[in-house]
Amino acid sequence: MKINPDKCVACGNCTYVCPVGAIYIDPVLKRATINRIECVECYACFNGLSKEHLSPSLVRTVRKLLHLGRVRFDPEPDICPTAAFEPDDLQWPRVIRRAFSDPRATHESTGVQGRGTEEVKTNDVTRRVMQGEVGFTIEFGRPGIGVWLRDIQQMTWALAKAGVAFEKRNPFTLLMTDVTTGTLRDDILGEKVLSAIVEIKVPIERMEEILQLVHEVEKDVDTVVSIGVGTRCDENGNDPAVAPILERLGYKLERAKTNTGLGRISNPDALKPVESAGAAR
Ligand code: SF4
Ligand code: SF4
């Protein structure tokens with residue numbers, strides 16, 4: 001994303017909408033400026049502010065006159081008065097920033113918008129997590145911090161070493177050059193995104209070990225890490241296997257999302273009978 005310095009009138013409205021604080025008023029230029037290293041190409045500034053097309057020179061003149069009368073030029077807070085934002089023609093690998101950060105962008109690899117994965121939310125039809133398994137969504141960078149992809153690799157390396165199964169329909173798995181080591185493509189490691197999710201699954205007996213591993217690695221990762229747990233319930237909608245372990249470890253459980261199992265199976269690999277038609281949560 002760029003701000004056209006010929007158009008910007010430094011009203012400052014956009015500095016409040018950038019989720020990662022990448023926009024600042026340059027004290028020398030006296031224009032809003034984007035820190036391109038930190039910008040995750042989320043388009044919140046471009047899409048989130050209404051655009052007016054006032055003449056920049058007229059606005060600057062009016063502001064000077066108002067200033068003489070000790071009155072401040074103060075446009076409505078949700079507009080860019082001079083439509084100064086100009087999206088870049090994003091090329092690889094920078095385009096990956098937008099793919100993970102703009103909820104309107106669709107991931108080419110999975111056809112899913114946002115972080116590019118349906119997660120375990122659709123487990124009733126995708127059957128990512130089967131009976132006896134526990135699925136983890138390991139989320140980086142949210143809210144409002146972002147994450148460098150080289151930091152995510154720290155986690156995928158550790159998880160691969162522990163022998164977990166990475167979810168095939170997740171963009172991060174598809175960005176690995178070697179799934180057995182959890183190594184991501186070299187050319188994306190210097191990119192930053194608003195948030196991203198790594199998905200894995202293991203047999204339920206390994207759940208405590210994996211939670212401990214994620215907890216250890218996240219200490220060395222320079223962002224916020226959240227973890228979600230998904231499992232299949234029994235035919236009565238209960239979860240007798242995973243919940244007791246989490247409670248013993250001190251977690252307070254809340255059911256986030258429950259799928260009822262009424263959809264048509266969309267995962268051809270999983271079209272084999274399962275022990276229970278129970279739901280995932
Ligand atoms: S909202 Fe527009 S005019 Fe105001 S500081 Fe930002 S880019 Fe400049
Ligand atoms: S595209 Fe997103 S991250 Fe970049 S400057 Fe705009 S709001 Fe900030």
Side-chain angles (χ1 to χ4, degrees), residues 1-67 71-108 112-116 139-152 171 188-197 221-224 226:
M1 185 63 65
K2 280 191 302 230
I3 295 173
N4 185 335
D6 295 331
K7 288 188 174 178
C8 177
V9 293
C11 69
N13 280 354
C14 53
T15 59
Y16 301 105
V17 303
C18 178
V20 293
I23 308 178
Y24 61 100
I25 304 292
D26 187 306
V28 178
L29 291 176
K30 295 192 170 43
R31 301 283 187 272
T33 306
I34 294 175
N35 178 340
R36 279 185 54 84
I37 296 171
E38 295 297 327
C39 170
V40 293
E41 304 290 357
C42 70
Y43 278 45
C45 49
F46 184 75
N47 291 324
L49 290 171
S50 304
K51 298 170 190 67
E52 285 189 348
H53 294 269
L54 301 179
S55 155
S57 47
L58 179 69
V59 171
R60 288 182 194 123
T61 306
V62 168
R63 187 166 59 183
K64 275 181 194 153
L65 292 172
L66 291 173
H67 186 67
V71 179
R72 191 177 151 176
F73 169 71
D74 219 358
E76 292 296 314
D78 58 343
I79 65 161
C80 174
T82 52
F85 282 91
E86 295 178 355
D88 281 318
D89 179 19
L90 297 174
Q91 303 296 319
W92 184 267
R94 192 170 176 92
V95 70
I96 209 164
R97 297 188 181 219
R98 187 173 182 206
F100 279 95
S101 308
D102 180 354
R104 303 181 197 199
T106 302
H107 282 256
E108 277 183 30
V112 178
Q113 291 180 317
R115 277 90 59 80
E139 180 174 6
F140 303 81
R142 198 162 73 158
I145 295 176
V147 58
W148 294 95
L149 300 193
R150 58 174 173 263
D151 282 338
I152 294 180
I188 63 169
L189 296 179
E191 300 302 327
K192 182 178 181 181
V193 301
L194 192 55
S195 66
I197 293 175
V221 174
D222 188 21
T223 189
V224 61
S226 316

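On a predicted model such as this, the values are computed, not experimentally measured, just so you know. Just so you know, ligand 1 is whichever comes first in the structure, and atom 1 is the first atom listed for that ligand.
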For the student: nearest non-hydrogen atoms of P103 and S101, plus distance: CD-O, 3.4 Å
Ligand-side contact atoms (ligand 2) for residue partner P19, heavy atom cut-off under 4.0 Å: 7 (S)
Exercise: identify the closest heavy-atom pair between P19 and A44: CD-CB, 4.1 Å
For V20, the ligand 2 atoms whose distance to one of its heavy atoms is below 4.0 Å: 3 (S)
4.5 Å side-chain heavy-atom contact, K192 and R150: no
Side chain, backbone, both or neither: L194 near ligand 2, heavy atoms under 4.0 Å: neither
Minimum-distance pair of heavy atoms, taken over all atoms of V193 and I96: CG1-O, 3.9 Å
Any donor-acceptor pair under 3.5 Å from R31 side chain to P5 backbone: yes
For F85, atoms of ligand 1 separated by under 4.0 Å from a heavy atom: 7 (S)
Shortest protein heavy-atom distance from atom 4 (Fe) of ligand 2, along with the residue and atom involved: C39 SG, 2.4 Å
Salt bridge (charged side-chain N to carboxylate O under 4.0 Å, His left out): pairs with one or both residues in residues 45-61, sequence neighbours excluded: none
Heavy-atom gap G48 to ligand 2 smaller than 4.0 Å: no
Proximity to ligand 2 by part of Y43, non-hydrogen separation under 4.0 Å: backbone
Ligand 2 versus E38: contacting region, heavy-atom distance under 4.0 Å: neither
N, O or S of C42 under 2.8 Å from atom 4 (Fe) of ligand 2: no
Distance-minimising heavy-atom pair for T223 and G146: OG1-O, 2.8 Å
Nearest protein heavy atom with distance in Å, relative to atom 5 (S) of ligand 2: I23 CG1, 3.6 Å
Closest non-hydrogen atom pair, D26 against L29: OD1-N, 3.0 Å
Within 6.0 angstrom of E38 CD, more than 12 heavy atoms from elsewhere: yes
Among N13, T33, N35, I3, the one residue meeting side-chain contact (heavy atoms from CB on, under 4.5 Å) with I23: I3
Shortest non-hydrogen separation from C11 to P75 and the atoms involved: CB-CG, 3.7 Å
Ligand 2 atoms in contact with E41 (distance to a heavy atom under 4.0 Å): 1 (S), 4 (Fe)
Element-labelled atoms of ligand 2 that are located less than 4.0 Å from some non-hydrogen atom of V40: 3 (S)
Residue and atom name of the nearest protein heavy atom (relative to atom 6 (Fe) of ligand 2), distance in Å to one decimal: C45 SG, 2.3 Å
Close-contact set for ligand 1 against I3 heavy atoms, below 4.0 Å: 7 (S)
Closest protein heavy atom (residue, atom, distance) for atom 8 (Fe) of ligand 2: C18 SG, 2.3 Å
Side-chain heavy-atom pair P56, D6 within 4.5 angstrom cut-off: no
For ligand 2, the portion of I34 having any non-hydrogen atom under 4.0 Å away: side chain
Beyond-backbone contact of N47 with D102, side-chain heavy atoms, under 4.5 angstrom: yes
NZ/NE/NH1/NH2 to OD/OE distance under 4.0 Å, D88 and R97: no
Closer than 2.8 Å to atom 4 (Fe) of ligand 1 - protein N, O or S atoms, ordered by chain and residue number: C11 SG
